[in-house]
Amino acid sequence: METKKCIIDKNFIDCETLKEAGEIIKNGGLVAFPTETVYGLGGDAFNPESSKKIYAAKGRPSDNPLIVHIYRIEDIHKVAESVPEKAYALFDEYWPGPLTVILPKKKELPKETTGGLDTVAVRMPSDPIAAEFIKQSGGFVAAPSANRSGRPSPTVAKYVIEDLDGLVDMIIDGGDCEIGLESTIIDLTEETPMILRPGYITPADLERIFGSVSIDKTIISDTDKAKPKAPGMKYRHYAPKGELTIVRGKSEEVIDYINNNSAQIAALNKRIGVICTDETKASYKADSVKSLGRRSDERAIAKNLFRILREFDDEQIDVIFAEGFENNGLSMATMNRLLKAAGHKEVYL
Ligand code: TXA
Ligand code: MG
């Protein structure tokens, strides 16, 4: 299949191109599009054939449900059977934005879209290109992240093209994704709302609204081997081609450990990459040393992680060492992705 590629400037949105993209969706085709979190791979949420095509293009297991993207709040009633009162406080504060809610699904929504579940994940993105695209598509776009299954989610169009060129009808390049990590997922079907995937909207943000929230334990540890409530969280994910290890401990000890190991591994003719912070960048010796940003800048660190994992692949790095981060606030989301990318391989000093 020939994939059409279009560039759209967020500040001067080209509605003609988005109309064309919308027609593709209405006709059962697939379009990759930018959002504020990561790029999405969109199809018509009400067309079961479109959802099947998404799974095929991504190489994704079909028991892993898709998020339905809408562009106005009232449309939630077309995909969710009921919306609890408490959800509206959340929408007031965080929609449109990087937050996905799980609700009981409307029976009209095909089970192919929800991976066979009775619940549906719904998100209203704030990115203006995404919003106009969803509107032009008829209002309901099912979309996972626009990567081949298992790869880091794309935050720039270049990596969408790398994974999906020839497999989808159109790729819209809208520049960098502002946030760079996928949306926070909160399950509102539970008595106490439960975070199924951490993201830009933090547990503290959600506690301010609900009083208390619980967190799916499988997010941070895989020691108990429990099954995560978001089916997608059980799969190996975000993995770079190189073998990634997270190293935790006092900064000087982490630097020594990584430099000593890098020297030994380099002797085996392997290429080494290091993921670090501005404060420590100059201290590492490796083939490629990349900083996520200042250690105190949680947003920069979250935004740059997926892009850097992809860049190491471009540079054919065989072994990667990464500094670790705190397990709270936005850093909890970054650590969740980093741990999954590393297959939970961590060294504590
Ligand atoms: O920021 C995002 O959420 C991006 C952009 C494109 O919107 N989308 C995204 O989709 O990350 P995806 O498919 O890569 O991740 C969706 C996650 C998966 O882990 C899936 O299992 C979970 O949401 N999910 C979807 N529907 C669910 C449901 N009904 N119950 C529990 N988890 C669900
Ligand atoms: Mg994904």
Side-chain angles (χ1 to χ4, degrees), residues 30-43 45 51 54-55 57-71 79-81 94-106 109 111-127 129-131 133-134 141-155 159-160 163-164 172 174 177-190 193-201 216 218-219 227-239 302-303 306 333 336-337 340-341:
L30 303 185
V31 176
F33 63 102
T35 82
E36 70 278 20
T37 56
V38 300
Y39 275 78
L41 166 57
S51 295
I54 292 176
Y55 290 114
K58 257 186 91 82
R60 176 177 191 156
S62 59
D63 69 343
N64 188 358
L66 310 174
I67 295 176
V68 178
H69 295 68
I70 59 176
Y71 75 98
V79 290
E81 185 55 42
Y94 295 113
W95 270 15
L99 179 77
T100 297
V101 296
I102 308 288
L103 294 168
K105 102 173 185 46
K106 199 108 185 153
L109 191 70
K111 64 177 187 332
E112 285 78 0
T113 301
T114 62
L117 297 180
D118 298 331
T119 51
V120 58
V122 194
R123 172 159 122 76
M124 181 169 154
S126 61
D127 182 286
I129 300 174
F133 163 65
I134 297 163
V141 173
S145 48
N147 50 284
R148 291 277 296 166
S149 195
R151 308 273 301 123
S153 303
T155 57
Y159 295 128
V160 180
D163 278 17
L164 298 177
I172 300 169
C177 299
E178 260 170 63
I179 292 175
L181 283 187
E182 307 90 341
S183 60
T184 304
I185 302 180
I186 185 148
D187 185 348
L188 299 180
T189 66
E190 301 268 348
M194 184 190 265
I195 297 172
L196 306 189
R197 180 174 70 184
Y200 190 79
I201 310 297
D216 188 342
T218 61
I219 285 173
K227 204 170 146 202
K229 264 203 93 183
M233 299 295 276
K234 72 174 177 267
Y235 294 105
R236 178 145 190 259
H237 235 121
Y238 316 123
K303 177 175 174 171
F306 284 150
N336 166 259
R337 307 310 193 272
K340 284 170 96 47

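When a ligand or atom number is given, it counts from 1 through the structure's own listing order. Reckoned from all heavy atoms, side chains included, excluding hydrogens, waters and symmetry mates. Please read all numbers here as calculations on a predicted model, not as lab measurements.
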Distance-only N or O hit between ligand 1 and Y39, under 3.5 Å: no
For atom 20 (C) of ligand 1, the protein heavy atom that lies nearest, with its residue and separation: N64 OD1, 3.2 Å
Location of contacts on I185 toward ligand 1, heavy atoms closer than 4.0 Å: side chain
Whether F33 and F133 hold their rings parallel, tilted or perpendicular, with breakpoints at 30° and 60°: tilted
Protein heavy-atom partner closest to atom 24 (N) of ligand 1 - residue, atom, separation in Å: P65 CG, 3.7 Å
Heavy-atom proximity to atom 10 (O) of ligand 1, best of P125, P61, P144: P144
K106 atom NZ, over 12 foreign heavy atoms within 6.0 Å: yes
Taking atom 7 (O) of ligand 1 as the reference point, the nearest protein heavy atom with its distance: H69 NE2, 2.7 Å
Atom 13 (O) of ligand 1 [closest protein heavy-atom partner, distance rounded to 0.1 Å]: R60 NH1, 2.8 Å
Whether L117 lies under 4.0 Å from ligand 1, heavy atom: yes
Close N or O approach (T119, ligand 1; < 3.5 Å): yes
Sub-4.0 Å atoms of ligand 1 with respect to non-hydrogen atoms of S183: 1 (O), 2 (C), 3 (O)
Side-chain donor/acceptor of R123 to backbone N/O of G97, under 3.5 Å: yes
N/O donor-acceptor pair under 3.5 Å between Y55 side chain and N64 backbone: yes
Under 3.5 Å donor-acceptor, E81 side chain and P104 backbone: no
S183 and T37 side chains, donor-acceptor separation under 3.5 Å: no
Contact check: E182 vs ligand 1, nitrogen or oxygen atoms, below 3.5 angstrom: no
Protein heavy-atom partner closest to atom 31 (C) of ligand 1 - residue, atom, separation in Å: K229 O, 3.5 Å
Heavy-atom donor-acceptor pair, R151 side chain to A239 backbone, under 3.5 Å: yes
Main-chain N/O of R148 paired with D163 side-chain donor or acceptor, under 3.5 Å: yes
Atom 15 (O) of ligand 1 [closest protein heavy-atom partner, distance rounded to 0.1 Å]: R197 NH1, 3.1 Å
Spatial distance of atom CZ (R60) from atom CG (L41) [nearest 0.5 Å]: 9.5 Å
Which of the ligand 1 atoms, numbered from 1, are nearer than 4.0 Å to a heavy atom of I102: 27 (C), 28 (C), 30 (N), 31 (C), 32 (N), 33 (C)
Heteroatom distance test (S145, ligand 1): nitrogen or oxygen, under 3.5 angstrom: yes
Polar side-chain atom of T184 near backbone of I201 as donor-acceptor pair, under 3.5 Å: yes
Side-chain donor or acceptor of N336 paired with backbone N/O of P198 under 3.5 Å: no
Atoms in ligand 1 with a heavy atom of A230 nearer than 4.0 Å: 21 (O), 22 (C), 31 (C), 32 (N)
Side chain to side chain contact (heavy atoms under 4.5 Å, CB included) between N147 and Y159, intermediate numbers included: CA-CA 8 Å; N147 50 284; Y159 295 128; over 6 Å; no
2.8 Å cut-off met by an N, O or S atom of S153 to the Mg ion (ligand 2): no
Atom 5 (C) of ligand 1 - nearest protein heavy atom and its distance: T37 OG1, 3.6 Å
Enumerated ligand 1 atoms positioned under 4.0 Å from heavy atoms of I67: 3 (O), 8 (N), 9 (C), 10 (O), 16 (C)
Side-chain (R337) to main-chain (A302) donor-acceptor, under 3.5 angstrom: no
Taking atom 6 (C) of ligand 1 as the reference point, the nearest protein heavy atom with its distance: G40 CA, 3.6 Å
Ligand 1 contacted by K105 (non-hydrogen, < 4.0 Å): no
